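A quick write-up on the structure given underneath.
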Amino acid sequence: MLQLNYLRENRDEAVRRLTKKYAQVEFIDQIIALDADRRKTQNQVDSLKGEAGKLSRQYGEFRKANNEAGLAQITAEKKNIDEQVETLSSQLDALEEQLQALLVQLPNVPNDRVPEGKTPEENAVVFSHGEMPNLPETAKPHWDLAAQYGLIDFELGNKLTGSGFPVYRGQGAKLQRALINFFLDRATAAGYLEVQPPILVNKDSGFGTGQLPDKEGQMYHVTVDDLYLIPTAEVPITNIYRDVILKAEELPIKNCGYTPCFRREAGSYGKDVRGLNRLHQFDKVEIVQVQHPDKSYEALEEMREYVAGLLRDLELPFRTLLLCGGDMSFASAMTYDMEVFSGAQKRWLEVSSVSNFETFQSNRLKLRYRSGSDKPVLAHTLNGSALALPRIVAALLENNQTENGIRIPAALRPYTGFDFIK
RNA sequence: GGAGAAAUGGCAGAGUGGUCGAUUGCGGCAGUCUUGAAAACUGUUGAAGGUAACACUUCCGGGGGUUCGAAUCCCUCUUUCUCCGCCA
(Lines give C-alpha, C1' and ligand atoms only; values in the text may rest on other atoms or scores of the structure.)
Protein backbone atom coordinates (compact mmCIF):
# COMPACT_ATOMS: atom_id res chain seq x y z
CA MET A 1 0.00 0.00 0.00
CA LEU A 2 1.35 3.39 -0.96
CA GLN A 3 1.80 5.96 1.76
CA LEU A 4 -0.66 8.84 1.85
CA ASN A 5 2.20 11.22 2.49
CA TYR A 6 3.85 10.13 -0.70
CA LEU A 7 0.73 10.64 -2.79
CA ARG A 8 0.00 13.96 -1.16
CA GLU A 9 3.44 15.38 -1.66
CA ASN A 10 4.40 13.75 -4.96
CA ARG A 11 1.16 13.65 -6.84
CA ASP A 12 2.59 14.27 -10.32
CA GLU A 13 5.42 11.81 -9.88
CA ALA A 14 3.00 9.14 -8.67
CA VAL A 15 0.80 9.66 -11.72
CA ARG A 16 3.79 9.44 -14.05
CA ARG A 17 5.21 6.32 -12.48
CA LEU A 18 1.92 4.48 -12.05
CA THR A 19 1.07 5.14 -15.67
CA LYS A 20 3.96 2.85 -16.50
CA LYS A 21 2.15 0.12 -14.58
CA TYR A 22 -1.15 0.81 -16.32
CA ALA A 23 -2.74 1.57 -12.96
CA GLN A 24 -5.91 3.57 -12.50
CA VAL A 25 -4.14 6.86 -11.90
CA GLU A 26 -7.45 8.73 -11.58
CA PHE A 27 -7.63 7.11 -8.13
CA ILE A 28 -4.75 9.31 -7.00
CA ASP A 29 -6.66 12.57 -7.15
CA GLN A 30 -9.70 10.92 -5.59
CA ILE A 31 -7.51 9.67 -2.76
CA ILE A 32 -5.94 13.06 -2.20
CA ALA A 33 -9.38 14.69 -2.07
CA LEU A 34 -10.77 12.06 0.29
CA ASP A 35 -7.74 12.40 2.50
CA ALA A 36 -8.15 16.17 2.79
CA ASP A 37 -11.78 15.65 3.68
CA ARG A 38 -10.85 12.97 6.16
CA ARG A 39 -8.37 15.17 7.96
CA LYS A 40 -10.80 18.04 8.17
CA THR A 41 -13.48 15.80 9.65
CA GLN A 42 -10.99 14.19 12.00
CA ASN A 43 -10.03 17.61 13.30
CA GLN A 44 -13.65 18.48 13.98
CA VAL A 45 -14.23 15.22 15.83
CA ASP A 46 -11.05 15.70 17.83
CA SER A 47 -11.91 19.16 19.04
CA LEU A 48 -15.46 18.10 19.94
CA LYS A 49 -14.07 15.22 21.93
CA GLY A 50 -11.73 17.61 23.64
CA GLU A 51 -14.75 19.69 24.68
CA ALA A 52 -16.56 16.60 25.92
CA GLY A 53 -13.59 15.64 28.06
CA LYS A 54 -13.50 19.06 29.67
CA LEU A 55 -17.20 18.83 30.44
CA SER A 56 -16.80 15.45 32.07
CA ARG A 57 -14.11 16.74 34.40
CA GLN A 58 -16.25 19.74 35.25
CA TYR A 59 -19.15 17.41 35.99
CA GLY A 60 -17.10 15.74 38.72
CA GLU A 61 -16.27 19.09 40.31
CA PHE A 62 -19.87 20.27 40.16
CA ARG A 63 -21.04 17.11 41.82
CA LYS A 64 -18.65 17.57 44.71
CA ALA A 65 -19.98 21.11 45.05
CA ASN A 66 -23.59 19.90 44.79
CA ASN A 67 -24.15 22.30 41.93
CA GLU A 68 -27.35 20.79 40.57
CA ALA A 69 -27.98 23.50 38.00
CA GLY A 70 -24.44 23.13 36.66
CA LEU A 71 -24.85 19.36 36.35
CA ALA A 72 -28.03 19.74 34.36
CA GLN A 73 -26.40 22.20 32.05
CA ILE A 74 -23.43 19.94 31.45
CA THR A 75 -25.66 16.98 30.74
CA ALA A 76 -27.47 19.01 28.10
CA GLU A 77 -24.29 20.33 26.52
CA LYS A 78 -22.71 16.94 26.56
CA LYS A 79 -25.69 15.43 24.84
CA ASN A 80 -25.49 18.03 22.12
CA ILE A 81 -21.80 17.35 21.57
CA ASP A 82 -22.32 13.59 21.56
CA GLU A 83 -24.85 13.93 18.79
CA GLN A 84 -22.45 15.98 16.69
CA VAL A 85 -19.64 13.52 17.36
CA GLU A 86 -21.81 10.64 16.31
CA THR A 87 -22.77 12.29 13.03
CA LEU A 88 -19.21 13.31 12.21
CA SER A 89 -17.79 9.95 13.26
CA SER A 90 -20.00 8.05 10.89
CA GLN A 91 -18.94 10.45 8.14
CA LEU A 92 -15.36 9.85 9.12
CA ASP A 93 -15.79 6.08 9.03
CA ALA A 94 -17.33 6.31 5.58
CA LEU A 95 -14.48 8.51 4.34
CA GLU A 96 -11.86 6.16 5.72
CA GLU A 97 -13.55 3.20 4.16
CA GLN A 98 -13.66 4.87 0.75
CA LEU A 99 -10.07 6.00 1.12
CA GLN A 100 -8.87 2.55 2.08
CA ALA A 101 -10.85 0.91 -0.72
CA LEU A 102 -9.06 3.07 -3.30
CA LEU A 103 -5.69 2.90 -1.64
CA VAL A 104 -5.53 -0.90 -1.62
CA GLN A 105 -6.26 -0.94 -5.33
CA LEU A 106 -3.26 1.16 -6.27
CA PRO A 107 -0.20 -0.92 -7.10
CA ASN A 108 3.31 0.01 -6.02
CA VAL A 109 5.09 2.68 -8.03
CA PRO A 110 7.80 1.17 -10.24
CA ASN A 111 11.40 2.26 -9.95
CA ASP A 112 12.54 4.57 -12.75
CA ARG A 113 14.84 1.87 -14.11
CA VAL A 114 11.81 -0.32 -14.89
CA PRO A 115 11.33 -0.43 -18.68
CA GLU A 116 8.15 0.70 -20.39
CA GLY A 117 5.96 -2.06 -21.70
CA LYS A 118 2.75 -3.90 -21.30
CA THR A 119 3.46 -7.55 -22.08
CA PRO A 120 6.07 -10.17 -21.13
CA GLU A 121 7.63 -9.70 -24.58
CA GLU A 122 8.68 -6.22 -23.52
CA ASN A 123 10.71 -7.35 -20.52
CA ALA A 124 14.39 -6.48 -20.87
CA VAL A 125 16.89 -9.33 -21.01
CA VAL A 126 19.71 -8.01 -18.88
CA PHE A 127 21.88 -11.08 -18.51
CA SER A 128 22.35 -14.50 -20.07
CA HIS A 129 24.50 -17.41 -19.04
CA GLY A 130 25.26 -20.92 -20.25
CA GLU A 131 25.21 -22.80 -23.54
CA MET A 132 21.93 -23.80 -25.10
CA PRO A 133 21.62 -27.56 -24.72
CA ASN A 134 22.39 -29.43 -27.90
CA LEU A 135 19.81 -32.19 -27.83
CA PRO A 136 18.87 -34.59 -30.62
CA GLU A 137 15.49 -34.24 -32.28
CA THR A 138 14.35 -37.32 -30.39
CA ALA A 139 14.83 -35.58 -27.03
CA LYS A 140 11.85 -36.08 -24.76
CA PRO A 141 9.93 -33.53 -22.77
CA HIS A 142 10.14 -34.00 -19.02
CA TRP A 143 6.69 -35.53 -18.65
CA ASP A 144 7.74 -38.40 -20.89
CA LEU A 145 11.04 -38.77 -19.03
CA ALA A 146 9.21 -38.66 -15.69
CA ALA A 147 7.00 -41.53 -16.83
CA GLN A 148 9.86 -43.50 -18.40
CA TYR A 149 11.94 -43.46 -15.21
CA GLY A 150 9.02 -43.63 -12.81
CA LEU A 151 9.85 -40.27 -11.24
CA ILE A 152 6.55 -38.43 -11.24
CA ASP A 153 3.00 -39.77 -11.53
CA PHE A 154 0.63 -37.09 -12.73
CA GLU A 155 -2.30 -39.50 -13.15
CA LEU A 156 -2.01 -40.71 -9.59
CA GLY A 157 -2.16 -37.12 -8.40
CA ASN A 158 -5.40 -36.71 -10.36
CA LYS A 159 -6.82 -39.64 -8.46
CA LEU A 160 -5.73 -38.43 -5.03
CA THR A 161 -6.52 -34.76 -5.43
CA GLY A 162 -6.93 -33.42 -8.92
CA SER A 163 -4.82 -32.10 -11.76
CA GLY A 164 -1.76 -30.14 -10.77
CA PHE A 165 -0.95 -32.26 -7.72
CA PRO A 166 1.65 -34.74 -8.91
CA VAL A 167 3.06 -37.64 -6.92
CA TYR A 168 6.86 -37.87 -6.88
CA ARG A 169 8.32 -41.35 -6.48
CA GLY A 170 11.63 -43.09 -6.08
CA GLN A 171 14.50 -41.09 -7.55
CA GLY A 172 11.96 -38.40 -8.42
CA ALA A 173 11.06 -37.95 -4.75
CA LYS A 174 14.71 -38.15 -3.74
CA LEU A 175 15.57 -35.44 -6.27
CA GLN A 176 12.98 -33.16 -4.68
CA ARG A 177 14.45 -33.67 -1.26
CA ALA A 178 17.97 -33.17 -2.62
CA LEU A 179 17.06 -29.87 -4.23
CA ILE A 180 15.35 -28.57 -1.11
CA ASN A 181 18.37 -29.40 1.03
CA PHE A 182 20.78 -27.99 -1.54
CA PHE A 183 18.87 -24.70 -1.69
CA LEU A 184 18.52 -24.40 2.07
CA ASP A 185 22.19 -25.16 2.70
CA ARG A 186 23.24 -22.56 0.16
CA ALA A 187 20.91 -19.93 1.57
CA THR A 188 22.07 -20.59 5.09
CA ALA A 189 25.69 -20.32 3.96
CA ALA A 190 24.84 -16.96 2.37
CA GLY A 191 23.65 -15.64 5.73
CA TYR A 192 19.94 -16.36 5.60
CA LEU A 193 18.40 -17.69 8.80
CA GLU A 194 16.34 -20.77 8.09
CA VAL A 195 12.75 -20.69 9.33
CA GLN A 196 9.95 -23.19 9.06
CA PRO A 197 6.71 -21.23 9.06
CA PRO A 198 3.06 -22.32 9.03
CA ILE A 199 1.66 -22.93 5.58
CA LEU A 200 -1.81 -21.75 6.55
CA VAL A 201 -2.12 -18.05 7.30
CA ASN A 202 -4.85 -15.72 8.46
CA LYS A 203 -6.33 -12.72 6.67
CA ASP A 204 -4.03 -10.21 8.34
CA SER A 205 -1.01 -12.01 6.95
CA GLY A 206 -2.55 -12.25 3.50
CA PHE A 207 -3.19 -8.53 3.61
CA GLY A 208 0.27 -7.70 4.96
CA THR A 209 2.17 -8.97 1.95
CA GLY A 210 -0.43 -7.82 -0.55
CA GLN A 211 -2.13 -11.08 -1.61
CA LEU A 212 -5.38 -9.83 -0.09
CA PRO A 213 -7.57 -8.36 -1.29
CA ASP A 214 -5.89 -8.24 -4.71
CA LYS A 215 -5.36 -11.96 -5.31
CA GLU A 216 -8.00 -13.56 -3.16
CA GLY A 217 -9.07 -15.83 -6.01
CA GLN A 218 -5.58 -17.26 -6.48
CA MET A 219 -5.37 -18.71 -2.98
CA TYR A 220 -7.01 -21.78 -1.51
CA HIS A 221 -9.30 -20.59 1.25
CA VAL A 222 -10.07 -22.89 4.18
CA THR A 223 -13.42 -21.34 4.94
CA VAL A 224 -14.30 -23.25 8.11
CA ASP A 225 -11.41 -21.57 9.90
CA ASP A 226 -11.01 -18.61 7.54
CA LEU A 227 -7.40 -19.45 6.75
CA TYR A 228 -5.48 -19.42 3.47
CA LEU A 229 -2.99 -21.94 2.11
CA ILE A 230 0.11 -19.94 1.33
CA PRO A 231 0.95 -19.27 -2.32
CA THR A 232 4.57 -18.66 -1.30
CA ALA A 233 6.67 -18.70 1.87
CA GLU A 234 7.00 -14.95 1.39
CA VAL A 235 3.66 -14.58 3.13
CA PRO A 236 4.38 -16.19 6.51
CA ILE A 237 8.06 -15.26 6.57
CA THR A 238 7.58 -11.57 5.81
CA ASN A 239 4.65 -11.42 8.22
CA ILE A 240 6.94 -12.51 11.03
CA TYR A 241 7.89 -8.83 11.02
CA ARG A 242 4.36 -7.45 10.95
CA ASP A 243 3.85 -4.82 13.68
CA VAL A 244 7.53 -4.90 14.56
CA ILE A 245 9.85 -1.98 15.20
CA LEU A 246 13.42 -3.11 14.62
CA LYS A 247 16.57 -1.37 15.75
CA ALA A 248 18.47 0.08 12.79
CA GLU A 249 21.48 -2.05 13.69
CA GLU A 250 19.39 -5.22 13.37
CA LEU A 251 19.08 -4.57 9.62
CA PRO A 252 19.37 -6.33 7.32
CA ILE A 253 17.20 -9.24 8.37
CA LYS A 254 17.78 -12.23 6.13
CA ASN A 255 15.47 -15.24 6.35
CA CYS A 256 14.99 -18.28 4.17
CA GLY A 257 12.53 -21.10 4.30
CA TYR A 258 11.26 -24.13 2.47
CA THR A 259 7.51 -24.60 2.13
CA PRO A 260 5.05 -26.18 -0.20
CA CYS A 261 3.14 -23.50 -2.11
CA PHE A 262 -0.47 -23.64 -3.24
CA ARG A 263 -1.97 -21.75 -6.14
CA ARG A 264 -5.36 -22.13 -7.70
CA GLU A 265 -4.08 -20.84 -11.05
CA ALA A 266 -7.60 -20.14 -12.18
CA GLY A 267 -7.69 -19.43 -15.89
CA SER A 268 -4.46 -21.17 -16.91
CA TYR A 269 -4.57 -23.64 -19.77
CA GLY A 270 -2.77 -25.32 -22.63
CA LYS A 271 0.96 -25.98 -22.90
CA ASP A 272 1.60 -23.77 -19.87
CA VAL A 273 0.08 -26.38 -17.57
CA ARG A 274 1.63 -29.45 -19.20
CA GLY A 275 3.73 -31.61 -16.88
CA LEU A 276 5.54 -29.58 -14.25
CA ASN A 277 5.15 -26.24 -15.96
CA ARG A 278 2.35 -25.04 -13.73
CA LEU A 279 1.07 -26.84 -10.64
CA HIS A 280 -1.41 -26.23 -7.88
CA GLN A 281 1.04 -27.48 -5.27
CA PHE A 282 4.79 -27.14 -5.58
CA ASP A 283 7.89 -26.81 -3.45
CA LYS A 284 9.97 -23.71 -3.13
CA VAL A 285 12.75 -22.25 -1.05
CA GLU A 286 12.27 -18.55 -0.56
CA ILE A 287 14.71 -15.86 0.56
CA VAL A 288 13.43 -12.74 2.30
CA GLN A 289 15.23 -9.58 3.36
CA VAL A 290 14.19 -6.63 5.49
CA GLN A 291 16.48 -3.81 4.51
CA HIS A 292 17.40 -0.23 5.22
CA PRO A 293 15.86 1.95 2.48
CA ASP A 294 19.28 3.16 1.38
CA LYS A 295 20.50 -0.36 0.78
CA SER A 296 17.52 -2.17 -0.67
CA TYR A 297 18.55 -1.87 -4.32
CA GLU A 298 22.02 -3.06 -3.48
CA ALA A 299 20.34 -6.01 -1.77
CA LEU A 300 18.16 -6.66 -4.80
CA GLU A 301 21.28 -7.03 -6.96
CA GLU A 302 22.88 -9.24 -4.34
CA MET A 303 19.83 -11.50 -4.31
CA ARG A 304 19.71 -11.64 -8.10
CA GLU A 305 23.38 -12.61 -8.12
CA TYR A 306 22.77 -15.21 -5.41
CA VAL A 307 20.03 -16.91 -7.45
CA ALA A 308 22.21 -16.76 -10.57
CA GLY A 309 24.90 -18.61 -8.63
CA LEU A 310 22.47 -21.43 -7.86
CA LEU A 311 21.57 -21.77 -11.52
CA ARG A 312 25.22 -21.77 -12.55
CA ASP A 313 25.91 -24.55 -10.07
CA LEU A 314 22.98 -26.53 -11.43
CA GLU A 315 24.54 -26.06 -14.89
CA LEU A 316 21.33 -24.72 -16.33
CA PRO A 317 21.36 -22.12 -19.11
CA PHE A 318 19.44 -19.11 -17.89
CA ARG A 319 18.65 -15.51 -18.57
CA THR A 320 17.68 -12.65 -16.32
CA LEU A 321 14.85 -10.31 -17.21
CA LEU A 322 14.12 -6.91 -15.79
CA LEU A 323 10.34 -6.88 -15.88
CA CYS A 324 8.55 -4.07 -17.66
CA GLY A 325 5.91 -2.01 -15.92
CA GLY A 326 2.99 -3.95 -17.34
CA ASP A 327 4.32 -7.38 -16.37
CA MET A 328 5.34 -6.62 -12.81
CA SER A 329 3.44 -7.77 -9.79
CA PHE A 330 1.09 -5.50 -7.91
CA ALA A 331 3.32 -4.95 -4.89
CA SER A 332 6.72 -4.74 -6.55
CA ALA A 333 8.80 -1.66 -7.32
CA MET A 334 11.32 -3.61 -9.37
CA THR A 335 11.51 -7.28 -10.27
CA TYR A 336 14.06 -9.54 -11.91
CA ASP A 337 12.79 -12.82 -13.30
CA MET A 338 15.19 -15.68 -13.86
CA GLU A 339 14.33 -18.14 -16.59
CA VAL A 340 15.99 -21.46 -17.41
CA PHE A 341 15.93 -22.97 -20.86
CA SER A 342 14.20 -26.30 -20.98
CA GLY A 343 15.84 -28.06 -23.91
CA ALA A 344 13.17 -30.46 -25.14
CA GLN A 345 10.20 -28.13 -24.77
CA LYS A 346 12.50 -25.48 -26.24
CA ARG A 347 11.12 -22.78 -24.04
CA TRP A 348 12.17 -20.50 -21.24
CA LEU A 349 10.68 -21.32 -17.85
CA GLU A 350 10.48 -18.82 -15.03
CA VAL A 351 12.11 -20.32 -11.95
CA SER A 352 12.67 -17.26 -9.81
CA SER A 353 11.32 -13.82 -9.29
CA VAL A 354 13.34 -11.41 -7.17
CA SER A 355 11.63 -8.21 -6.10
CA ASN A 356 12.09 -5.07 -4.08
CA PHE A 357 8.82 -3.92 -2.55
CA GLU A 358 10.32 -0.83 -0.97
CA THR A 359 7.76 0.31 1.63
CA PHE A 360 4.71 -1.11 -0.13
CA GLN A 361 4.53 -4.18 2.09
CA SER A 362 6.02 -2.60 5.20
CA ASN A 363 3.37 0.09 5.14
CA ARG A 364 0.71 -2.59 5.37
CA LEU A 365 2.76 -4.63 7.79
CA LYS A 366 3.70 -1.66 9.95
CA LEU A 367 7.24 -2.97 9.73
CA ARG A 368 9.57 -0.22 10.85
CA TYR A 369 13.04 0.40 12.17
CA ARG A 370 14.38 3.05 14.47
CA SER A 371 17.76 4.75 14.52
CA GLY A 372 18.67 5.72 18.05
CA SER A 373 15.72 7.60 19.52
CA ASP A 374 14.36 8.85 16.19
CA LYS A 375 10.82 8.25 15.03
CA PRO A 376 10.25 4.80 13.52
CA VAL A 377 10.65 4.66 9.74
CA LEU A 378 9.22 2.08 7.33
CA ALA A 379 11.77 -0.54 6.29
CA HIS A 380 12.10 -2.01 2.80
CA THR A 381 11.20 -5.64 2.13
CA LEU A 382 12.54 -7.88 -0.61
CA ASN A 383 12.14 -11.49 -1.55
CA GLY A 384 13.06 -14.01 -4.16
CA SER A 385 12.54 -17.62 -5.07
CA ALA A 386 15.73 -19.57 -4.49
CA LEU A 387 14.37 -21.63 -6.03
CA ALA A 388 11.03 -23.03 -7.17
CA LEU A 389 11.49 -26.73 -7.79
CA PRO A 390 9.16 -27.97 -10.54
CA ARG A 391 10.55 -26.07 -13.48
CA ILE A 392 14.10 -26.66 -12.27
CA VAL A 393 13.31 -30.37 -12.31
CA ALA A 394 11.76 -30.03 -15.77
CA ALA A 395 14.90 -28.38 -17.14
CA LEU A 396 17.26 -30.75 -15.33
CA LEU A 397 15.48 -33.78 -16.73
CA GLU A 398 15.22 -32.45 -20.27
CA ASN A 399 18.66 -30.91 -20.60
CA ASN A 400 20.57 -33.77 -19.01
CA GLN A 401 18.90 -36.70 -20.72
CA THR A 402 21.27 -39.22 -22.29
CA GLU A 403 20.95 -42.68 -23.76
CA ASN A 404 22.10 -44.05 -20.40
CA GLY A 405 19.82 -42.10 -18.12
CA ILE A 406 19.59 -38.59 -16.78
CA ARG A 407 22.78 -37.00 -15.55
CA ILE A 408 22.72 -35.24 -12.18
CA PRO A 409 24.83 -32.06 -11.99
CA ALA A 410 27.91 -32.40 -9.78
CA ALA A 411 26.69 -29.86 -7.20
CA LEU A 412 23.61 -31.98 -6.49
CA ARG A 413 25.26 -35.38 -6.26
CA PRO A 414 26.14 -35.11 -2.57
CA TYR A 415 22.46 -34.54 -1.96
CA THR A 416 20.96 -37.15 -4.29
CA GLY A 417 23.51 -39.82 -3.56
CA PHE A 418 23.35 -40.88 -7.23
CA ASP A 419 24.96 -39.58 -10.44
CA PHE A 420 22.36 -40.79 -12.85
CA ILE A 421 18.66 -41.38 -12.89
CA LYS A 422 18.13 -44.78 -14.43
C1' G B 1 -13.98 -30.66 23.27
C1' G B 2 -15.21 -29.56 29.05
C1' A B 3 -13.92 -26.62 33.76
C1' G B 4 -11.18 -22.63 35.93
C1' A B 5 -7.59 -18.39 35.72
C1' A B 6 -5.41 -14.60 32.99
C1' A B 7 -4.24 -10.79 28.82
C1' U B 8 -1.39 -3.44 30.91
C1' G B 9 4.43 0.17 27.73
C1' G B 10 11.09 -3.58 25.20
C1' C B 11 10.62 -6.94 29.75
C1' A B 12 8.78 -7.60 34.82
C1' G B 13 4.77 -5.78 37.40
C1' A B 14 1.15 -1.88 40.07
C1' G B 15 -3.35 0.22 39.03
C1' U B 16 -11.11 -2.09 40.25
C1' G B 17 -15.11 4.30 37.94
C1' G B 18 -12.65 10.64 37.61
C1' U B 19 -6.83 15.11 35.50
C1' C B 20 -3.90 7.56 34.06
C1' G B 21 -0.64 7.18 28.46
C1' A B 22 -0.80 4.89 33.08
C1' U B 23 3.27 4.03 40.10
C1' U B 24 7.70 1.26 40.35
C1' G B 25 11.86 -1.90 38.94
C1' C B 26 14.89 -3.74 34.96
C1' G B 27 16.49 -2.60 30.15
C1' G B 28 17.54 1.54 26.45
C1' C B 29 19.36 6.63 25.59
C1' A B 30 21.87 11.25 27.36
C1' G B 31 24.78 13.55 31.10
C1' U B 32 27.96 13.94 35.81
C1' C B 33 32.20 11.34 37.75
C1' U B 34 36.59 8.45 35.34
C1' U B 35 42.74 8.19 31.37
C1' G B 36 38.88 4.57 29.69
C1' A B 37 35.26 1.22 31.54
C1' A B 38 32.33 -0.51 35.65
C1' A B 39 29.66 1.26 39.85
C1' A B 40 26.99 5.39 41.69
C1' C B 41 24.08 9.70 40.81
C1' U B 42 20.85 12.97 37.55
C1' G B 43 17.70 13.36 33.52
C1' U B 44 15.13 11.02 29.63
C1' U B 45 12.58 6.85 27.34
C1' G B 46 5.47 3.68 23.71
C1' A B 47 2.67 4.21 19.07
C1' A B 48 -0.86 6.53 15.55
C1' G B 49 -3.57 10.79 13.67
C1' G B 50 -3.00 16.10 13.69
C1' U B 51 -0.02 21.00 13.60
C1' A B 52 4.77 25.36 10.74
C1' A B 53 5.45 24.14 15.86
C1' C B 54 2.27 23.71 19.95
C1' A B 55 -2.58 22.42 21.20
C1' C B 56 -5.71 18.49 20.64
C1' U B 57 -7.53 13.30 19.70
C1' U B 58 -7.02 7.86 19.78
C1' C B 59 -4.77 3.30 21.71
C1' C B 60 -4.08 -0.74 28.54
C1' G B 61 -5.53 -8.46 23.60
C1' G B 62 -9.93 -7.52 19.37
C1' G B 63 -15.10 -5.92 18.95
C1' G B 64 -19.58 -4.09 21.29
C1' G B 65 -22.19 -1.98 25.64
C1' U B 66 -23.24 0.75 30.58
C1' U B 67 -21.81 5.85 32.42
C1' C B 68 -21.38 12.92 32.42
C1' G B 69 -16.69 9.99 32.70
C1' A B 70 -13.82 3.11 31.68
C1' A B 71 -7.29 0.19 31.89
C1' U B 72 -10.99 -0.32 35.82
C1' C B 73 -18.12 -2.51 35.35
C1' C B 74 -21.09 -5.79 31.62
C1' C B 75 -21.39 -8.86 26.94
C1' U B 76 -18.68 -11.26 23.15
C1' C B 77 -14.50 -13.05 20.36
C1' U B 78 -9.35 -14.38 20.30
C1' U B 79 -5.03 -15.97 22.68
C1' U B 80 -2.18 -17.91 26.89
C1' C B 81 -1.82 -20.85 31.45
C1' U B 82 -3.72 -24.96 34.87
C1' C B 83 -6.79 -29.44 35.27
C1' C B 84 -9.75 -33.23 32.50
C1' G B 85 -10.79 -35.66 27.75
C1' C B 86 -8.98 -36.91 22.81
C1' C B 87 -4.74 -37.43 19.77
C1' A B 88 0.20 -37.40 15.51
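Each chain gets a letter, A, B and so on, in the order its sequence line appears, and its residues count up from 1. Since this is a predicted model, take the numbers as computed values, not measurements.
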Inter-nucleotide [atom1] distance ([N], [M]), Å rounded:
N      : M      : atom1 : result
B:rC26 : B:rG36 : C1'   : 26 Å
B:rC75 : B:rA88 : C1'   : 38 Å
B:rU23 : B:rU8  : C1'   : 13 Å
B:rG25 : B:rU32 : C1'   : 23 Å

Report the distance from atom [atom1] of [X] to atom [atom2] of [N], rounded to the nearest whole Å.
X        : N      : atom1 : atom2 : result
A:Lys247 : B:rU45 : NZ    : C1'   : 13 Å
A:Ile245 : B:rA48 : CD1   : C1'   : 10 Å
A:Asp243 : B:rG9  : CG    : C1'   : 15 Å
A:Glu9   : B:rA52 : CD    : C1'   : 13 Å
A:Arg8   : B:rG49 : CZ    : C1'   : 10 Å
A:Lys78  : B:rG18 : NZ    : C1'   : 13 Å
A:Asp204 : B:rU78 : CG    : C1'   : 12 Å

### Task
Mind checking the CG-OG1 spacing from A:Leu229 to A:Thr259? Nearest 0.5 Å is all I need.
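Answer rounded to 0.5 Å: 10.5 Å.
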### Query
Between CG of A:Leu276 and CZ of A:Phe154, what distance do you get to the nearest 0.5 Å?
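The distance works out to 4.0 Å.
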### Query
Should A:Arg407 and A:Glu315 count as side-chain neighbours, where that means a heavy-atom distance under 4.5 Å?
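They are in side-chain contact.
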### Task
With the side chain counted from C-beta on, respond yes when A:His142 and A:Val393 share a heavy-atom pair under 4.5 Å apart, and no when they do not.
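No, too far: nothing below the 4.5 Å cut-off.
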### Task
Using a 4.0 Å heavy-atom cut-off across all strands, classify A:Arg63 as base, sugar-phosphate, or nothing.
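Counting heavy atoms under 4.0 Å across all strands, the contact made by A:Arg63 includes a base.
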### Query
At under 4.0 Å between heavy atoms, what does A:Lys40 touch on the DNA or RNA strands: base, sugar-phosphate, or nothing?
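Nothing, no heavy atom under 4.0 Å.
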Output a table of nitrogen or oxygen pairs between the protein and nucleotides 57-64 of chain B separated by less than 3.5 Å.
| residue | atom | partner | partner atom | Å |
| --- | --- | --- | --- | --- |
| B:rU57 | O2' | A:Asp46 | OD1 | 3.0 |

### Message
Heavy-atom nearest nucleotide on RNA chain B for A:Asn5 versus A:Pro376: which residue maps closer to 5'?
### Response
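It is A:Pro376, whose closest nucleotide lies nearer the 5' terminus.
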### Residue whose nearest RNA chain B nucleotide is more 5′ - A:Asn43 or A:Tyr59
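Looking at the nearest nucleotide for each, A:Asn43 comes out on the 5' side.
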#### Entry: All pairs passing salt bridge (charged side-chain N to carboxylate O under 4.0 Å, His left out) where residues 70-82 of chain A contributes a residue, at least two apart
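Counting only pairs at least two positions apart or across chains, the salt bridge (charged side-chain N to carboxylate O under 4.0 Å, His left out) contacts touching residues 70-82 of chain A are A:Lys78-A:Asp82.
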### Query
Can A:Gln84 and A:Thr87 be counted as having a side-chain donor-acceptor contact under 3.5 angstrom?
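No, no side-chain donor-acceptor contact under 3.5 Å.
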### Message
So, does A:Arg39 get its side chain near the phosphate of B:rU51, meaning an N or O under 4.0 Å from OP1 or OP2?
### Response
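For A:Arg39, the contact criterion (side-chain N or O under 4.0 Å from OP1 or OP2 of B:rU51) is met.
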### Task
Kindly say if A:Arg38 contacts the phosphate of B:rG50, meaning a side-chain N or O under 4.0 Å from OP1 or OP2.
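True: A:Arg38 side-chain N/O within range (under 4.0 Å) of B:rG50 OP1/OP2.
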### Query
Nearest of B:rC68, B:rA47, B:rA48 to any side-chain atom of A:Lys375?
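Nearest to the side-chain atoms of A:Lys375, counting from C-beta on, is B:rA48.
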### Query
Between which residue ranges does RNA chain B form stems of three or more consecutive Watson-Crick or G-U wobble pairs, both distances under 3.5 Å?
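So far as stems of 3 or more pairs are concerned, RNA chain B shows B:1-7 with B:78-84, B:10-12 with B:24-26, B:27-32 with B:40-45, B:46-49 with B:56-59, B:61-65 with B:73-77.
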